[in-house]
K.L.:
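Structure incoming, see below.
Here the structure is a predicted model, which is why all the values come from computation and not from measurement. Residue numbering restarts at 1 for every chain, and letters A, B, ... go by the order of the sequence lines.
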There are 2 protein chains.
Amino acid sequence: MQRGRQLRPGVTLVRAGEPMAALFVVRSGSAKRYSVTLGGGEQVHGFVLPGELVGLEGFASGRYTCEVSALEPLGYCRVPIRKLEQLLERLPGLRREILRLLGQALDESQRLRGELALSDARGRVAHFLADLSHRLARRGLSPTEFHLSMSRADIARHLGLTLETVSRALGTFKREGWLRVRARDISVLRPDALAALGSGIA
Amino acid sequence: MQRGRQLRPGVTLVRAGEPMAALFVVRSGSAKRYSVTLGGGEQVHGFVLPGELVGLEGFASGRYTCEVSALEPLGYCRVPIRKLEQLLERLPGLRREILRLLGQALDESQRLRGELALSDARGRVAHFLADLSHRLARRGLSPTEFHLSMSRADIARHLGLTLETVSRALGTFKREGWLRVRARDISVLRPDALAALGSGIA
DNA sequence: CGTGAAATTGAGCTCCCTCAATCTGAGTGG
DNA sequence: CCACTCAGATTGAGGGAGCTCAATTTCACG
């Protein structure tokens with residue numbers, strides 16, 4: 001396990017198609033996971049927060065299948081696959097842990113897919129914020145006051161919307177008194193309302 | 001590995017919330033993966049074809065997170081987790097294989113999510129058919145002549161559409177000469193056109 | 001300040017959803 | 001053999017959510 005590495009905003013951590021030589025654990029900052037479509041557009045798969053893993057999809061073919069690039073200064077650790085396999089040989093607990101992490105990623109991805117299928121625009125944005133809030137809280141950060149490291153366009157491409165629609169949804173939440181929005185700084189005033197809307201209570 | 005088991009249409013193979021005691025390999029027939037929303041609706045995650053695995057998401061928490069029920073008479077094998085862990089202890093190849101399978105499931109789920117985010121109704125239906133065709137072909141079945149074991153409503157709930165829209169999309173494809181549709185029997189006449197539309201060439 | 005990118009806001013239009021009627025086909029009983 | 005039934009699928013009409021295009025406005029950075 002190699003640690004203490006650092007990346008500047010905009011720099012790419014892994015590229016689609018590269019052989020998967022390592023997993024990465026994000027320590028600080030945030031990153032964007034995306035792939036480039038045939039038309040040249042970006043398909044945003046999600047955002048990586050501190051404490052989360054990068055590169056798991058690579059197990060499928062031995063190559064990464066999407067790009068991950070830093071949105072903020074990104075601190076991370078690198079876990080070489082060779083090293084990981086050696087450890088898996090000896091440590092049954094780690095075996096279970098890596099299976100758990102993969103299962104979690106899978107479950108989460110499916111839940112996100114369901115969200116897309118069921119919710120309308122406002123529901124998706126609400127869910128996005130509620131999810132972000134939840135993940136920040138798990139890392140001991142404030143679930144109600146945070147900074148969006150990604151643009152409205154990134155959020156839109158992640159949620160299958162346009163950036164205008166994302167902006168309007170935020171505007172609605174603001175008007176309803178659920179949020180305070182100042183550019184990319186968010187204050188959540190009514191987490192319950194967001195969570196409800198984001199869970200398909202709509 | 002216990003084999004030769006059989007299930008009747010409509011019967012449930014695993015239930016959400018049950019402890020994950022085993023993985024399942026489908027041998028014949030097909031199944032629907034879904035979960036029940038708070039409102040009582042079905043959220044269809046996908047369909048399981050012969051040769052595919054059921055239960056992988058269970059690694060996340062040790063419990064299954066969605067229901068899987070047979071659409072047709074379903075032949076399957078049961079792989080107890082205890083047994084699997086014993087084998088993982090001794091067989092490095094199997095360790096890599098299970099990681100590969102989980103990675104594949106994750107990658108596929110993310111690709112599906114992207115599809116939902118990018119495509120319009122016809123694109124989603126085209127992608128659904130192209131994907132089905134591809135998966136059948138991998139199992140040595142005909143990629144151009146097949147039977148849909150799921151209802152239009154199931155397809156719709158899977159794609160985040162209404163059943164009417166699915167029906168209309170199929171109608172369009174038929175009118176354009178891309179498909180022959182007779183109830184649930186599909187003949188693909190222009191696989192290229194479907195694949196193109198389903199890949200976001202739209 | 002000044003400049004350019006990002007975000008907000010507005011107006012019109014399109015695609016899909018909603019609601020409703022019709023059609024098809026498989027299973028049942030007379 | 002045929003009428004009946006009922007679920008699933010198709011088709012039609014109308015309305016609304018979100019996309020497109022375009023004009024400001026706000027914000028970050030020099």
K.L.:
Which heavy atom in Arg113(B) sits nearest to a heavy atom in Val44(A), and how many Å separate them?
P.N.:
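Minimum heavy-atom contact is NH2-O, 2.9 Å.
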
K.L.:
Do side-chain atoms of Glu67(B) reach the backbone of Tyr34(B) as a donor and acceptor pair under 3.5 angstrom?
P.N.:
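Such a contact is absent between Glu67(B) side chain and Tyr34(B) backbone.
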
K.L.:
Ala153(B) or Ala183(A): which one's nearest nucleotide on DNA chain D is closer to the 5' end?
P.N.:
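Checking each residue's closest nucleotide, the 5'-ward one belongs to Ala153(B).
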
K.L.:
Spell out protein contact along nucleotides 14-21 of chain D as letters: B when the base is contacted, S when just the sugar-phosphate is, - when no protein heavy atom is under 4.0 Å; keep the 5' to 3' order.
P.N.:
----SSBB

K.L.:
Taking Ser119(A)'s backbone N and O only, do any of them form a donor-acceptor pair with Arg124(A)'s side chain (distance below 3.5 Å, no angle check)?
P.N.:
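Answer holds: yes.
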
K.L.:
Looking at Lys32(A) and Glu42(A), is there a salt bridge between them, counting it only when a charged N and a carboxylate O are closer than 4.0 Å?
P.N.:
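Looking at Lys32(A) together with Glu42(A), the answer is yes, because their closest N to O distance falls below 4.0 Å.
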
K.L.:
For the helix from dC1(C)-dG30(D) to dG30(C)-dC1(D), how many degrees between its two end axes (five pairs per end), to the nearest 10°?
P.N.:
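The value is 40°.
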
K.L.:
Between atom CZ in Arg184(A) and atom P in dC27(D), what is the gap in whole Å?
P.N.:
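So the two atoms are 13 Å apart, to the nearest Å.
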
K.L.:
Could you tell me from which nucleotide to which nucleotide of DNA chain C, 5' to 3', there is an atom under 4.0 Å from chain A heavy atoms?
P.N.:
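Listing 5' to 3', DNA chain C meets chain A from dA6(C) to dA11(C).
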
K.L.:
For His147(B) and dA9(D), what is the distance between atoms NE2 and C1' respectively, to the nearest whole Å?
P.N.:
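Atom-to-atom, His147(B) to dA9(D), this comes out as 13 Å.
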
K.L.:
Sort out for me which residue in Thr172(A), Leu170(A), Leu194(A) forms a side-chain contact (heavy atoms from CB on, under 4.5 Å) with Arg122(A).
P.N.:
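Answer to the side-chain contact (heavy atoms from CB on, under 4.5 Å) test with Arg122(A) among Thr172(A), Leu170(A), Leu194(A): Thr172(A).
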
K.L.:
Just the rounded figure in Å: distance from P of dT10(D) to CG of Leu179(B).
P.N.:
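Taking atom P of dT10(D) as the reference, CG of Leu179(B) is at 11 Å.
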
K.L.:
Could you give the CZ-to-P distance, from Arg175(B) to dT10(D), as a whole number of Å?
P.N.:
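After rounding, the reported distance stands at 11 Å.
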
K.L.:
Looking at every strand, decide which applies to Arg182(A) at a 4.0 Å heavy-atom threshold: base, sugar-phosphate, or nothing.
P.N.:
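Answer is sugar-phosphate: Arg182(A) comes under 4.0 Å of backbone atoms only.
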
K.L.:
Pair Arg96(B), Glu85(A) - check salt bridge (charged side-chain N to carboxylate O under 4.0 Å, His left out), show working.
P.N.:
CA-CA 9 Å; Arg96(B) 264 182 234 113; Glu85(A) 289 196 337; 3.2 Å; yes

K.L.:
What is the minimum heavy-atom distance between Phe146(A) and Val188(A), and which atoms define it?
P.N.:
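Where Phe146(A) meets Val188(A) most closely, the heavy atoms are CE2-CG2, 3.9 Å.
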
K.L.:
Is the backbone N or O of Thr12(A) less than 3.5 Å from a side-chain atom of Ser69(A), with the two atoms forming a donor-acceptor pair by type?
P.N.:
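Between the backbone of Thr12(A) and the side chain of Ser69(A) there is no qualifying donor-acceptor contact (under 3.5 Å).
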
K.L.:
Under 4.0 Å between a Lys/Arg side-chain N and an Asp/Glu carboxylate O for Arg100(A) and Glu97(A)?
P.N.:
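Salt bridge flag = yes for Glu97(A) with Arg100(A).
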
K.L.:
Would you check, one step at a time, whether the test salt bridge (charged side-chain N to carboxylate O under 4.0 Å, His left out) holds for Glu52(A) with Arg139(A)?
P.N.:
CA-CA 10 Å; Glu52(A) 301 179 341; Arg139(A) 278 286 134 182; over 6 Å; no

K.L.:
Quick one: does Leu132(B)'s side chain get under 4.5 Å of Leu49(B)'s, heavy atoms only?
P.N.:
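With C-beta onward as the side chain, the pair touches.
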
